[in-house]
Peer 1: 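One structure, as structure tokens, below. Some questions next.
Just so we're clear, the structure is a prediction, and the values are computed from it rather than from any experiment.
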Amino acid sequence: MTRKHAIVEAAPSLIVSHGADFFGEDRHPLAAVRALGPYAQNSVPWDDRPTIAPLVQLLEDLADRAARTFPPADAAQLSEQLLVIARNRRIKAAVATLARALADAAARAAADGEPWTWSVET
């Protein structure tokens, strides 16, 4: 009988500042955040896609840069766009939860007037 190993290699993850944990960070699987891009595109009407295009591009290019910093004004805009995704009734629950967690972190950063940072950890 073969057994499945209990210890597996850690998957790359995205660490977001202003999160909900004790340390003020959130950790999300990188694959799940990348998969959020097509949901973002399909959650808005065709005419509004140019407004959400920067968010889609940002989600698709996560592996290109190890860390990103957004000023408070950009964090507020990203928060609004992520909330649109999270509130769409046709989005799966897990994807909506991820979008909501990112939106909440961005809103906290914007409300505090601090930059919102993303870093990729492998």
Peer 1: Once you round to the nearest 0.5 Å, how far does CG of Asn88 lie from CG of Leu83?
Peer 2: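 Asn88 atom CG to Leu83 atom CG measures 12.5 Å (nearest 0.5 Å).
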
Peer 1: Using the rule given for side chain to side chain contact (heavy atoms under 4.5 Å, CB included), can you reason through Asp48 versus Val84, listing the C-alpha separation, both sets of side-chain angles and the distance that settles it, and then say yes or no?
Peer 2: CA-CA 11 Å; Asp48 294 339; Val84 168; over 6 Å; no

Peer 1: Mind listing the closest non-hydrogen atom pair of Ser17 and Pro115 along with its distance?
Peer 2: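 Shortest heavy-atom contact: OG-O, 4.1 Å.
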
Peer 1: Give every residue pair that meets the side chain to side chain donor-acceptor pair (under 3.5 Å) criterion with at least one member in residues 72-87, sequence neighbours excluded.
Peer 2: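 Passing the test, one end in residues 72-87: no pairs.
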
Peer 1: Between atom CG of Leu59 and atom CZ of Arg34, what is the distance when rounded to the nearest 0.5 Å?
Peer 2: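 Reported to 0.5 Å precision, the distance equals 10.5 Å.
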
Peer 1: First locate atom CD1 of Ile85, then atom CG of Leu36, and finally report the distance between them rounded to the nearest 0.5 Å.
Peer 2: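 Here the rounded value is 5.0 Å.
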
Peer 1: Do Val120 and Val16 belong together in a cluster built from hydrophobic side chains that touch within less than 4.5 Å?
Peer 2: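 Looking at the clustering, Val16 is in the same group as Val120.
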
Peer 1: Taking all non-hydrogen atoms of both residues, which atom of Asp61 and which atom of Arg68 are closest, and how far apart?
Peer 2: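 Residues Asp61 and Arg68, closest heavy atoms: O-NH2, 2.9 Å.
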
Peer 1: Working to the nearest 0.5 angstrom, can you tell me the gap between Glu60 CD and Gln41 CD?
Peer 2: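 Glu60 CD to Gln41 CD: 6.5 Å, rounded to 0.5 Å.
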
Peer 1: With side chain to side chain donor-acceptor pair (under 3.5 Å) as the rule and sequence neighbours excluded, what pairs involving residues 100-111 come up?
Peer 2: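 For residues 100-111: Arg100-Asp104.
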
Peer 1: For Ser43 and Ile91, which heavy atoms make the closest approach, and how far apart are they?
Peer 2: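 Heavy atoms only, the tightest pair is CB-CD1, 4.4 Å.
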
Peer 1: Looking only at non-hydrogen atoms, find the nearest pair between Ala40 and Val56 and report the distance.
Peer 2: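 Closest approach of Ala40 to Val56: CB-CG2, 3.9 Å.
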
Peer 1: Please name the residue in the list Leu55, Asp26, Leu82 that meets the side chain to side chain contact (heavy atoms under 4.5 Å, CB included) test with Leu102.
Peer 2: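 That would be Leu82.
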
Peer 1: Mind checking the NE2-OG1 spacing from His28 to Thr97? Nearest 0.5 Å is all I need.
Peer 2: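 These two atoms lie 10.5 Å from each other.
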
Peer 1: If a pair satisfies ring-ring contact (aromatic ring centres under 6.0 Å, His included) and one of its residues is in residues 70-98, list it, with sequence neighbours excluded.
Peer 2: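 Output for this query lists Phe70-Trp116, Phe70-Trp118.
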
Peer 1: Once rounded to the nearest 0.5 Å, what's the spacing between atom CZ of Arg49 and atom CG of Asn42?
Peer 2: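 Result: 5.0 Å between the selected atoms.
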
